[in-house]
Amino acid sequence: MKAVYFAWVRERIGHAEEEINPPAHVSNVADLISWLSEKGEEYAYAFEKPQIIRVAIDRTHVKHDTLIKDAREIAFFPPMTGG
Amino acid sequence: MKAVYFAWVRERIGHAEEEINPPAHVSNVADLISWLSEKGEEYAYAFEKPQIIRVAIDRTHVKHDTLIKDAREIAFFPPMTGG
Amino acid sequence: MTKQTIIRIQQETFDIALEMQRLSQGRSDVGAIVTFTGLCRDENAALCALELEHYPGMAEEEIARVVAQAEARWPLLGITVIHRYGRMNPGDQIVLVITASSHRQAAFESAEFLMDYLKTRAPFWKKEHKRDGTIGDWVSAKDHDDQAAARWEQT
Amino acid sequence: MTKQTIIRIQQETFDIALEMQRLSQGRSDVGAIVTFTGLCRDENAALCALELEHYPGMAEEEIARVVAQAEARWPLLGITVIHRYGRMNPGDQIVLVITASSHRQAAFESAEFLMDYLKTRAPFWKKEHKRDGTIGDWVSAKDHDDQAAARWEQT
């Protein structure tokens, strides 16, 4: 699946998107954030406070307990500050 | 004092303003409306439902129990429908 | 912090973009501008025109009192109230309220407050001219307008 | 009763008078138009510019979902939402919401609802560029914006 990052999540990780292939035991959003955090220092930094990270699957906001199985695009970003 | 009339109060009375000289026992707005009502059919018609008539003394909204003694200009009109 | 207040009672129409510019131009502390425009509405395709009568002198003074209340209640950087009188055709602009503030809540609430108070306190009256040539009735005041104004007293 | 919905995510600025005209032109059932304009505000004379990042694709879709909720909730004749991205200088327009209805309450409430939801749900992020040349922080989300959005759930 494709992971995309925005705002300071993107800046901390160092790139805007990438293909990821999480193992089978990574079933929901929270699992995926833990798994990504272990990919390196930059990921650990981006996800240091996982509870504040907002997530969208296929362009729809989801909660951290949402299953990721059919996701094509999963986005991680800080709380929105538009408007 | 000068009496001024607006909207259907004006139309029913038939003119927009006039000088009035109410006698001494006419002390508040309610008294004045009763006194005006007796000036003729057109006044009786304009003031047939006195409770809905709005009044301003010297360009400020007042209630029917307000004393009229120092009024220079007293206005009678239906509830407002601006905006 | 300068604050601008513009109140006009006029026969001619108004230019909303120009009026917004007057409030925000040359300053960068305005974060939110709310405008309300009231238009002459033709409910049943029966209306030819509305005739708006007002009480000259009192209209300006009463609107100034309502504006002063809004300024005391919300941190506003600018207020514009323009109310037209005379004959309006369907689609014509009748009233404009603009509020400018640092934050959106003050701008929204004060604009709504101003409209509720204008409806019930500003000395204007609307008379309908029907499309069939007859002169219709004076528009009746609405209870829900009084209720809308009353809710600002409770808070 | 035709209803117009316009949603645009764009880099260039917008013309409020033109956008209002799009909603009301050629019809006489609109009695009330509310506009909200959000501007780039310079709080302490320290801001040089704001950079607005967004999630292309999702921004349009999420705003369309919020607009659909407003249309389901209020009797609206037209809605416009325009949100800019890119670099904004102090005083620049960032966001525009317009609601048109027969009556003012629907127009006011729905405009406020749309702004509260855009603030908390539309995928946009603001970064500050300081006047001293440094790039400042990403603007933090505000608790009171979440609270403002939450009040629409209760009613």
Side-chain angles (χ1 to χ4, degrees), chain C residues 14-21 23-48 77 88-105 107-109 111-116 118-119 142 144-145 147-148 151, chain D residues 14-21 23-48 77 88-105 107-109 111-116 118-119 142 144-145 147-148 151:
Chain C
F14 43 78
D15 177 336
I16 297 166
L18 179 69
E19 299 301 336
M20 283 183 70
Q21 217 172 54
L23 289 194
S24 62
Q25 195 168 255
R27 62 193 303 169
S28 56
D29 52 350
V30 172
I33 302 180
V34 169
T35 74
F36 176 89
T37 309
L39 304 168
C40 178
R41 195 166 57 91
D42 179 10
E43 234 154 320
N44 316 305
L47 187 74
C48 173
L77 300 169
M88 317 279 150
N89 296 313
D92 283 356
Q93 299 174 329
I94 299 175
V95 63
L96 174 67
V97 163
I98 310 180
T99 53
S101 183
S102 301
H103 297 287
R104 75 183 184 286
Q105 204 190 345
F108 268 122
E109 286 185 3
E112 216 173 336
F113 169 91
L114 286 164
M115 279 309 304
D116 286 346
L118 287 183
K119 282 266 175 191
K142 292 183 185 69
H144 65 73
D145 283 331
Q147 288 155 14
R151 73 198 154 119
Chain D
F14 43 79
D15 178 337
I16 296 167
L18 179 69
E19 299 302 335
M20 284 182 69
Q21 219 172 52
L23 289 194
S24 62
Q25 197 168 251
R27 63 194 301 168
S28 56
D29 52 351
V30 172
I33 301 179
V34 169
T35 75
F36 176 89
T37 310
L39 304 167
C40 179
R41 193 166 58 91
D42 179 10
E43 231 152 323
N44 315 301
L47 187 74
C48 172
L77 300 169
M88 318 278 150
N89 296 313
D92 284 356
Q93 299 174 332
I94 298 175
V95 63
L96 174 67
V97 163
I98 310 180
T99 53
S101 183
S102 302
H103 297 287
R104 75 184 184 287
Q105 204 190 347
F108 268 121
E109 285 185 3
E112 217 174 336
F113 169 90
L114 286 164
M115 278 311 303
D116 286 347
L118 286 183
K119 281 267 176 191
K142 293 183 186 68
H144 66 73
D145 283 331
Q147 289 154 15
R151 72 196 156 121

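These values consider heavy atoms only, across backbone and side chains, with no hydrogens, waters or symmetry-generated copies. Just so it is clear: chains get the letters A, B, ... in the order the sequence lines come, proteins before strands, and each one is counted from 1.
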One should read off an interatomic distance between C/I98 CD1 and D/T35 OG1, to the nearest 0.5 angstrom, of 7.5 Å
To the nearest 0.5 Å, how far apart are OG in C/S24 and CD in D/Q93?
8.0 Å
Looking at [options], which makes the most heavy-atom pairs under 4.5 Å with chain C?
options	value
D/G26, D/P90, D/A32, D/A17	D/A32
D/N89, D/D116, D/V95	D/D116
D/E112, D/K119, D/E109, D/Q105	D/E112

Under a 4.5 Å heavy-atom cut-off, does chain D meet the side chain of [X], its backbone, both or neither?
X	answer
C/D15	neither
C/S102	both
C/I33	both

Between D/F108 and C/F36, is the gap from one ring center to the other below 6.0 Å?
yes
Let's go through C/V34 and D/V34 carefully: what are the C-alpha distance in whole Å and the side-chain angles of both, what is the deciding distance for side chain to side chain contact (heavy atoms under 4.5 Å, CB included) to 0.1 Å, and is it a yes or a no?
CA-CA 7 Å; C/V34 169; D/V34 169; 4.3 Å; yes
With side chain to side chain contact (heavy atoms under 4.5 Å, CB included) as the criterion, how do C/M20 and D/I16 come out once you've worked through the C-alpha distance, each side chain's angles and the decisive distance to 0.1 Å?
CA-CA 10 Å; C/M20 283 183 70; D/I16 296 167; 3.3 Å; yes
Does C/Q21 have any side chain to side chain contact (heavy atoms under 4.5 Å, CB included) partners at least two apart in sequence or in another chain, and if so, which?
C/L18, C/Q25
Taken in chain and number order and not counting sequence neighbours, the residues that satisfy side chain to side chain contact (heavy atoms under 4.5 Å, CB included) with D/H144 are D/K142, D/Q147
Nearest heavy-atom pair of C/R104 and D/A148: which atoms, and what distance?
NH2-CB, 3.9 Å
